[in-house]
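See below for the structure under consideration.
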Amino acid sequence: MQREIRLNIQKSRISESVLRKLLGSVIIVLCIYVGARSINILSAGKAKEAVKTSGAYVGNVLARELIDNSDIMDQYLFYLENNRNLTDMAKVELLKAVVTDYMKSSEYTYDTTDPGYNQIIHLIYENMNASAPVTEQQTQPVKQDNADKNEKKQKNIVPMPKSVGKKYTAKNIGGFKKLLQKFYVVTSATALYESDLPIEKAFNEKFEITGKNTKPQILIYHTHSQEEFKNSTSDPDTTIIGVGNHLKEVLENQFGYQVIHDTSTYDIVDGKLDRNEAYDQSRAGVKKILKKYPSISLVLDIHRDGVGEGTRLVTEINGKKTAQIMLFNGMSRFKLTGDIDYLYNPFRYENLALTLQMKLKAEEFYPGFTRRNYVNAYQYNLDICRQCMLIEVGAQTNTYEEAINAAEPMAVLIDKVLGKK
């Protein structure tokens, strides 16, 4: 894997057409509200109630259309997914800010302090909540339709492991210094401080694959799609793509998640291998997928490492030769000059806490399966969401069979750390 990148930093922009659509919806509903207030003054209760009912109906229709068809809501929901600690009030205020920001520079004017304006924002927010995943009872027909998938799940592609290794806790881990010595490789280019990874907090941090499996929940992709193993052929299934294919299969058929496997060739430019812009390319591709599927809550960039030709990264799991894996962290920090501002990662702590939990769960259930967690200076697109992981599966000295076998315990660990308890 190439461990140096050059990122093209661009902020996502909401299209003017979408904002105009949003603005139009708001203004129409505001007109209804103002009309209702006027009739309230001039008419009897029945007329007032009729207009109020009509206004509420039209408002709901407009809000529903806005939520179902506007990219702006996908972006808003994606932000909420990665900032789940926000209160309802904060979520409403964020939505209000999106609308208000455009209205200030538009050809229309409206008093945003009017109570009617707040009512419309709440109306859209309430409709957004109505679009949330359906209840357990409502999903029963879907589960019935997926009987074949559930039958596969019963077969257990991967035997569930027993706790055969050491179970680490915040108390028996031995402190931050021992944690680094035992479980980490930190390159000379960067630094990992105790403030980056407070042990007790990291142990207790909650990670979860959210939502029902009626919508995509996990994204697997490969920044370096052309990475091969020592006996790879022209068949993509014998490369790192094959590892992603099998990981998807186990996560779906055994654990019931809905997974998207993006097999785009981000490291191919004009028909030739070119990894100089691979992280820029994959960043754009992943963001496009997340915009389309804001229900995704776990993003996995699956790689193959490069090591000396005399190194063999192999163990045995469930009677099969299995490539060892390595969990990778980017600090967005140089040791000598400090944080790299243009590679800012708001989820650095979450990245570190998640890979630590994965590493320690592996030590308990699959001792010898994971190498030390690797920490380097750059960002590696790990800022894309709260639950992002870059995982190195084996190296060029492994067979593709060993690498594909590694997808099985990897899927188990993902479910143990992020599955519903």
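All figures in this text were calculated on a predicted structure; none of them were measured in a lab.
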Heavy-atom pair of closest approach, residues [X] and [Y]:
X	Y	answer
Val164	Pro367	CG2-CD, 3.8 Å
Gly419	Tyr257	CA-OH, 3.2 Å
Gly394	Ala323	CA-CB, 3.8 Å
Asn351	Cys388	ND2-O, 3.8 Å

Please answer whether the main-chain N or O of [Y] pairs with a side-chain N or O of [X] as donor and acceptor at a distance below 3.5 Å.
X	Y	result
Gln324	Gly368	yes
Thr239	Glu228	no
Gln387	Glu208	yes
Thr169	Lys171	yes
Glu392	Met326	no
Thr190	Thr187	no
Ser295	Gln217	no
Asp339	Asp341	no
Ser332	Leu343	yes
Asp301	Thr223	yes

Working to the nearest 0.5 angstrom, can you tell me the gap between [X] [atom1] and [Y] [atom2]?
X	Y	atom1	atom2	answer
Tyr374	Thr355	OH	OG1	14.5 Å
Asp415	Leu413	CG	CG	9.5 Å
Ile220	Ile296	CD1	CD1	10.5 Å
Ser282	Asp262	OG	CG	9.0 Å
Ile209	Asn213	CD1	CG	11.0 Å
Glu350	Asn345	CD	CG	8.5 Å

For [X], all residues meeting side-chain contact (heavy atoms from CB on, under 4.5 Å), sequence neighbours excluded:
X	result
Gln226	Thr265, Asp267, Ile268, Leu273, Arg275
Ala395	Asp305, Val307, Leu313, Thr397, Asn398
Glu364	Ser163, Lys167, Lys361
Asn405	Lys320, Thr322

Handout entry: Criterion salt bridge (Lys or Arg N to Asp or Glu O under 4.0 Å) against Asp383, the qualifying member of Arg283, Arg348, Lys287
Key =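 The option that passes is Arg283.
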So [Y] and [X], do their side chains get closer than 4.5 Å, heavy atoms only?
X	Y	answer
Leu298	Leu300	yes
Leu290	Ile384	yes
Val412	Pro161	yes
Val393	Ile404	no
Thr315	Tyr366	no
Val417	Gln357	yes
Glu401	Lys321	no
Arg371	Ile325	no

Taking atom types as modelled, find out whether [X] and [Y] have a side-chain donor-acceptor pair closer than 3.5 angstrom.
X	Y	value
Thr399	Asn231	no
Asp235	Thr233	no
Asn329	Asn373	no

Exercise for the section: Mind checking side-chain hydrogen bond (donor to acceptor under 3.5 Å, both in side chains) for Glu205 and listing every partner two or more places apart, or none if nothing turns up? Expected result: Tyr349, Arg386
Handout entry: Set of side-chain hydrogen bond (donor to acceptor under 3.5 Å, both in side chains) partners for Thr311, sequence neighbours left out
Key =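 For Thr311 there are no side-chain hydrogen bond (donor to acceptor under 3.5 Å, both in side chains) partners, ignoring immediate neighbours.
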Handout entry: Qualifying residues under salt bridge (charged side-chain N to carboxylate O under 4.0 Å, His left out), relative to Glu363, sequence neighbours excluded
Key = Lys359
Fill in the blank from the handout: The salt bridge (charged side-chain N to carboxylate O under 4.0 Å, His left out) partners of Arg312 (sequence neighbours excluded) come to Glu402
Problem - Step-by-step side chain to side chain donor-acceptor pair (under 3.5 Å) determination, Gln254 to Glu408 - result: CA-CA 10 Å; Gln254 180 156 337; Glu408 298 178 0; over 6 Å; no
Exercise for the section: Is it possible for you to check whether Lys416 lies under 6.0 Å from the centre of the six-membered ring of Phe365, through NZ or CZ, and within 45° of that ring's axis? Expected result: yes
Check residues 195-203 and write down every donor-acceptor pair under 3.5 Å in which the side-chain atom is one partner and the other belongs to a residue at least two apart or another chain.
unit_1 : atom_1 : unit_2 : atom_2 : d
Asp196 : OD1    : Arg333 : NH2    : 3.0
Asp196 : OD2    : Tyr193 : N      : 2.8
Asp196 : OD2    : Arg333 : NH1    : 2.7

Practice task
Would you please name every residue forming a ring-ring contact (aromatic ring centres under 6.0 Å, His included) with His261, sequence neighbours left out?
Solution key: His222
Practice task
Tell me, with the steps shown, if Val286 and Leu219 meet side chain to side chain contact (heavy atoms under 4.5 Å, CB included).
Solution key: CA-CA 8 Å; Val286 168; Leu219 170 63; 3.8 Å; yes
Practice task
Hey, could you give me each pair passing salt bridge (charged side-chain N to carboxylate O under 4.0 Å, His left out) that has a residue in residues 237-249? Not counting sequence neighbours.
Solution key: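 Output for this query lists Lys248-Glu252.
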Practice task
Would you confirm whether the ring centroid of His303 sits within less than 6.0 angstrom of the ring centroid of Tyr380?
Solution key: no
Exercise for the section: Assess whether ring-ring contact (aromatic ring centres under 6.0 Å, His included) is satisfied between Tyr279 and His224, documenting all intermediate values. Expected result: CA-CA 9 Å; Tyr279 278 95; His224 297 158; 5.6 Å; yes
Problem - Option from Phe334, Tyr342, Phe328 for which ring-ring contact (aromatic ring centres under 6.0 Å, His included) with Tyr378 holds - result: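 The passing option is Phe334.
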Return a table of donor-acceptor pairs under 3.5 angstrom between the side chains of residues 173-185 and protein atoms on other chains or two or more places apart.
none

